Amino acid sequence: MTEAYILGIESSCDETAAAVVRSGEQVVSNVVFSQIATHQPYGGVVPELASREHLRAIVPVVRKALADAGQSYQSVDAWAVTQGPGLAGALLVGISYAKALAFALEKPLIAVNHLEGHIHAVLLEERQKGNLELNFPLLALVVSGGHTHLYLAAQRGETWSYTNIGRTRDDAAGEAFDKVAKLLALGYPGGPIIERLAAHGNPRAVVFPPAQIKHADRKERNRSKPSEPRFDFSYSGIKTAVLRYVEQHQLESSIAARRRNLASIERPKLEDYLANCDRETLDLVASFERAMVEDLVAKTLAAAAEYAVAGLLVTGGVAANGDLREQFKREAAKEGLPVYFPSRLLSTDNAAMIAAAAYPKFKARDFAPLEFSAEAALRLE
Ligand code: KG4
Ligand code: ZN
């Protein structure tokens, strides 16, 4: 086996991250600088600010990843960087830096798709635990702030291949968490705070109708490959349903009061949120989370049955959600399917997953030409 220390760089959204991973199976260092504090006042990521923050953070973050790993610029075997998808300006910061280093140090440079990175976060940690026996085909749900995608993943030799069998037609699941949190004045990002507040509400209080996918049923045959049924998602409807609930139950003034009160607290804690949320709001939040989790689990398991997969892999920021994990485990167990998640640390954006996804490419000598650039809408297939 070729041993290699790869330094990964990730800058596709609002985390500047660098990590050293040994041979795709051991995290040697993992540094994540989150820009959440910068974007919080705006209730979402501001692309221009993200690029500036990446530019400020990239050098110290990479230096720390090297130092924590006991490595130097010269000693790592290859550099890997996220090529896309993501914010173009943000991606360019990581790419320009990685290119300059690889060129100056005469080391190979590997371009990695961010979505493939999320999948490899799970594979990396399974290898780290000594689980080398994954069965194929694997169905991977990548569910984050920007994506809700289902892929069939297969490995042939060193090469991984992915077939997309479902994606969101509008909002990503994490985006729905973020938009609902913004609407209810619960801050950014929405997922973590919604999860914590949902534990205090009644998840059956509000019934949201299941997502209606217009024009075609979610089992519509893939037009180009009629033998492949599709399992698409849609989350803009539930966001509108929450807005309608707010209007019908006249929650606007209590939301405005919460916004004012929380703005006056520097770092609001769970107790501060709870003190500013009435029962109706907690029930709404809990019911929203339940509806999201049920939809993600039901569609993924329907796809797993249709494609007769041997295992499930659930990854991306929303995979940090405890209820989602529990429900996936419970429902997959009924079908006798193993389900794998990354640790919470590697669920959200990080660079260890980029360095891990780069390792098979390193072995296959699949290096990026120095003229490669960011691809904001890069697809995985
Ligand atoms: O993977 P990630 O860090 O960035 C993207 O590639 O998008 O995912 C961030 C997303 C955000 O939308 C955030 O609200 C969501 O993941 N998220 C969660 C939780 N933690 C993060 N959603 C639900 N429950 C959580 N515990
Ligand atoms: Zn991500």
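Just so you know, residue 1 is the first one in the sequence shown, and it goes up from there. Read the numbers this way: they start at 1 and go in the same order the structure lists the ligands and their atoms. Because only heavy atoms are used, hydrogens play no part in the values below, and waters and symmetry mates are left out as well, while side chains stay in. Predicted model, so just to flag it, every value in this text is computed and none were measured.
- Among protein heavy atoms, the minimum distance from atom 17 (N) of ligand 1 is reached at G317 O, 3.5 Å.
- Aromatic ring orientation, Y151 versus H149: perpendicular (interplanar angle above 60°, classes split at 30° and 60°).
- Remark: distances from the non-hydrogen atoms of H114 to ligand 1 include one below 4.0 Å.
- Taking distance alone, with nitrogen or oxygen atoms compared against 3.5 Å, D349 approaches ligand 1 more closely than that limit.
- Which parts of ligand 1 touch S144 is read off a 4.0 Å heavy-atom cut-off, strictly below it: atoms 1 (O), 5 (C), 6 (O), 7 (O), 8 (O).
- The distance from ligand 1 to the heavy atoms of H118 drops below 4.0 Å at these ligand atoms: 1 (O), 6 (O).
- In terms of polar-atom proximity, G191 is counted as a contact of ligand 1, with an N or O under 3.5 Å from an N or O of the ligand.
- Separation of atoms CD1 (I238) and CZ (F208) is listed at 5.0 Å; rounding is to 0.5 Å.
- The heavy atom nearest to atom 10 (C) of ligand 1, out of those in G174, G145, A172, is found in G145.
- Counting only distance, with no hydrogens or angles, the side chain of S234 and the backbone of R169 share no donor-acceptor pair below 3.5 Å.
- A ring-centre distance under 6.0 Å is found for F177 and F288.
- Contact annotation: the side chain of L284 approaches that of V246 to within less than 4.5 Å [non-hydrogen atoms, C-beta and beyond].
- Looking only at N/O/S atoms, D349 comes nearest to the Zn ion (ligand 2) through OD1.
- Which parts of ligand 1 touch E195 is read off a 4.0 Å heavy-atom cut-off, strictly below it: atoms 25 (C), 26 (N).
- Residue nearest to atom 13 (C) of ligand 1, selected from I194, L346, D178: D178 (by heavy-atom distance).
- Checked by distance only, ligand 1 and H147 stay at 3.5 Å or farther apart across all their nitrogen or oxygen atoms.
- If you check which protein heavy atom lies closest to atom 24 (N) of ligand 1, you get N321 ND2, 3.0 Å.
- Enclosure of atom OH in Y42 is not indicated, since only 12 or fewer non-hydrogen atoms of other residues, nucleotides or ligands lie within 6.0 angstrom.
- In the displayed structure, R63 atom CZ is contacted under 6.0 Å by at most 12 heavy atoms of other residues, nucleotides or ligands.
- Here H114 reaches the Zn ion (ligand 2): one of its N/O/S atoms is less than 2.8 Å from the metal.
- Judged by distance alone, the side chains of S11 and H54 never bring a donor and an acceptor atom under 3.5 Å apart.
- Around CZ of R52, the count of heavy atoms belonging to other residues, nucleotides or ligands within 6.0 Å does not exceed 12.
- Every atom of ligand 1 is numbered from 1 in the order shown, and the set under 4.0 Å from a heavy atom of G190 is 14 (O).
- Close approach to G146 involves these atoms of ligand 1, each under 4.0 Å from a residue heavy atom: 7 (O).
- Under a 4.0 angstrom heavy-atom cut-off, P192 registers as being in contact with ligand 1.
- The aromatic ring centres of W79 and Y5 sit 6.0 Å or more apart.
- Counting backbone and side-chain atoms alike, H118 contributes an N/O/S atom closer than 2.8 Å to the Zn ion (ligand 2).
- Side-chain contact between F367 and L109 is absent, with no heavy-atom pair separated by less than 4.5 Å.
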